[in-house]
Enquirer: 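Shown below is the structure under consideration.
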Amino acid sequence: MKTTARFFTYLCLWVFFVGVFLLIPPAYGAIPIAKITSFDGEVIVQSDLEISKVTKVGRVLNEGDRIQTQQGEVQITFNDGAVMKVSPFTSTRIQEREEKSGFWVFKTRKAVRRITCFVGKLWFKSGASKRKNYLQTPTAVCGLRGSEGDIGYDNLNTYLNIY
């Protein structure tokens with residue numbers, strides 16, 4: 001009788017610990033999606049809770065990083081060859097992820113890059129991947145595929161120029 005109770009206790013503990021480890025999501029490091037290929041003047045990058053000044057070319061940028069320029073400019077090259085030039089006094093965020101769309105059993109997943117311009121102006125040229133690119137401001141969204149364009153926002157109006 002004691003052996004059965006002890007076995008049942010060990011079995012319950014084992015199932016509990018295995019269940020906990022299966023439910024805890026794995027911790028992944030930040031995924032690099034781009035790097036700074038040139039800059040001039042003061043450029044600041046916010047990655048999670050860390051804020052740092054750009055001091056050299058080649059600095060890696062991760063998904064969700066926010067880039068802010070003061071009296072300076074920065075050129076960013078993404079892993080697929082896409083290029084972004086951020087003008088002075090601009091604040092922007094870069095994101096790359098899979099997004100779901102569709103309804104019920106017709107849901108699909110798409111690789112998406114979202115570049116949000118909070119204030120200022122930037123130029124973007126899409127790369128060689130099949131990733132969908134969206135340039136957005138707090139008031140507008142533009143899909144960009146196989147082309148290049150400027151987008152800007154001045155806390156009131158969104159400006160868009162596609163080439």
Side-chain angles (χ1 to χ4, degrees), residues 21 23-103 106-163:
F21 285 115
L23 293 176
I24 295 174
Y28 296 111
I31 301 169
I33 60 172
K35 65 181 176 180
I36 294 177
T37 50
S38 71
F39 74 97
D40 181 37
E42 188 174 2
V43 179
I44 298 169
V45 175
Q46 179 182 358
S47 186
D48 291 327
L49 297 176
E50 178 187 329
I51 298 173
S52 60
K53 197 173 188 178
V54 175
T55 57
K56 62 180 179 176
V57 172
R59 185 191 193 289
V60 175
L61 299 173
N62 300 315
E63 202 284 325
D65 280 0
R66 194 165 176 162
I67 299 97
Q68 185 170 348
T69 58
Q70 300 298 320
Q71 290 183 345
E73 299 177 328
V74 64
Q75 179 173 315
I76 298 166
T77 303
F78 291 86
N79 294 341
D80 67 349
V83 178
M84 178 172 77
K85 294 179 184 175
V86 182
S87 298
F89 303 106
T90 299
S91 179
T92 186
R93 179 179 56 216
I94 56 174
Q95 297 171 299
E96 285 188 3
R97 60 179 176 241
E98 280 192 353
E99 293 182 356
K100 294 179 185 177
S101 65
F103 174 70
F106 306 106
K107 286 189 175 183
T108 59
R109 291 178 178 236
K110 298 180 204 173
V112 173
R113 176 183 295 129
R114 291 191 178 275
I115 297 176
T116 306
C117 180
F118 296 106
V119 67
K121 180 182 171 188
L122 61 91
W123 172 86
F124 180 81
K125 181 179 179 184
S126 58
S129 72
K130 301 284 185 197
R131 183 176 303 277
K132 294 186 181 237
N133 299 295
Y134 293 100
L135 302 179
Q136 56 192 37
T137 67
T139 60
V141 176
C142 165
L144 191 66
R145 291 163 184 82
S147 56
E148 60 187 86
D150 290 315
I151 191 163
Y153 183 69
D154 65 4
N155 289 330
L156 185 61
N157 298 309
T158 295
Y159 302 96
L160 179 67
N161 190 15
I162 302 296
Y163 305 107

Enquirer: Looking at OG1 of T55 and CZ of F39, how far apart are the two atoms once the value is rounded to the nearest 0.5 Å?
Expert: 6.5 Å

Enquirer: Applying side-chain contact (heavy atoms from CB on, under 4.5 Å), name anything that partners K110, two or more places apart in sequence or on another chain.
Expert: S101, T108, V112, K132

Enquirer: Measuring from I36:CD1 to I67:CD1, what's the distance to the nearest 0.5 Å?
Expert: 7.0 Å

Enquirer: Which side chain to side chain donor-acceptor pair (under 3.5 Å) pairs, counting each pair once, include a residue from residues 83-92, with sequence neighbours left out?
Expert: R66-S91

Enquirer: Got C142 and T158 here, is their nearest side-chain heavy-atom distance under 4.5 Å?
Expert: no

Enquirer: Who pairs with A111 by side-chain contact (heavy atoms from CB on, under 4.5 Å), at least two apart in sequence or on another chain?
Expert: R131

Enquirer: Could you report the tightest heavy-atom contact between A34 and I76, atom names first, then the distance?
Expert: CB-CG2, 3.6 Å

Enquirer: Which heavy atom of S52 sits nearest a heavy atom of R59, and at what distance?
Expert: OG-NH2, 2.9 Å

Enquirer: Output the distance between atom CE (M84) and atom OG1 (T37), rounded to the nearest 0.5 Å.
Expert: 10.0 Å

Enquirer: Using side-chain heavy atoms (C-beta onward) and a distance below 4.5 Å, is I44 in contact with Q46?
Expert: no

Enquirer: Among all residues two or more places apart in sequence or in another chain, which pass the side-chain contact (heavy atoms from CB on, under 4.5 Å) test with N161?
Expert: D150, Y163

Enquirer: Taking side chain to side chain donor-acceptor pair (under 3.5 Å) as the definition, give me every residue that meets it alongside D154, ordered by chain and number, with sequence neighbours left out.
Expert: Y159

Enquirer: With sequence neighbours excluded, what pairs up with E98 under the salt bridge (Lys or Arg N to Asp or Glu O under 4.0 Å) test?
Expert: R109

Enquirer: Any side-chain heavy-atom pair from F89 and Q71 closer than 4.5 angstrom?
Expert: yes

Enquirer: Is any side-chain heavy atom of F78 less than 4.5 Å from a side-chain heavy atom of L61?
Expert: no

Enquirer: Report yes or no: does S47 contribute a side-chain atom to a donor-acceptor pair with the main-chain N or O of E50 at less than 3.5 Å?
Expert: no

Enquirer: List in chain and number order the residues that pass side-chain contact (heavy atoms from CB on, under 4.5 Å) with F106, two or more places apart in sequence or in another chain; answer none if no residue qualifies.
Expert: none

Enquirer: So, does E63 use its side chain to make a donor-acceptor pair with the main chain of E96 at under 3.5 Å?
Expert: yes

Enquirer: About how many Å separate SG of C117 and CG of L160, when rounded to the nearest 0.5 Å?
Expert: 11.0 Å

Enquirer: Strictly by salt bridge (charged side-chain N to carboxylate O under 4.0 Å, His left out), give each pair with a member in residues 72-84 just once, sequence neighbours left out.
Expert: D80-R113

Enquirer: Listed by chain and number, what are the side chain to side chain donor-acceptor pair (under 3.5 Å) partners of S126, not counting sequence neighbours?
Expert: none

Enquirer: Is it true that a side-chain atom of T116 and a backbone atom of T137 form a donor plus acceptor pair closer than 3.5 Å?
Expert: no

Enquirer: Can you name the salt bridge (Lys or Arg N to Asp or Glu O under 4.0 Å) partners of E99, sequence neighbours left out?
Expert: R97, R114

Enquirer: Could you tell me whether the side chain of N155 reaches within less than 4.5 Å of the side chain of V119, counting heavy atoms only?
Expert: yes

Enquirer: According to side chain to side chain donor-acceptor pair (under 3.5 Å), who are the partners of S147, at least two apart in sequence or on a separate chain?
Expert: none

Enquirer: Quick one: pull up OH in Y153 and CD in Q136 and give me the separation to the nearest 0.5 Å.
Expert: 12.5 Å

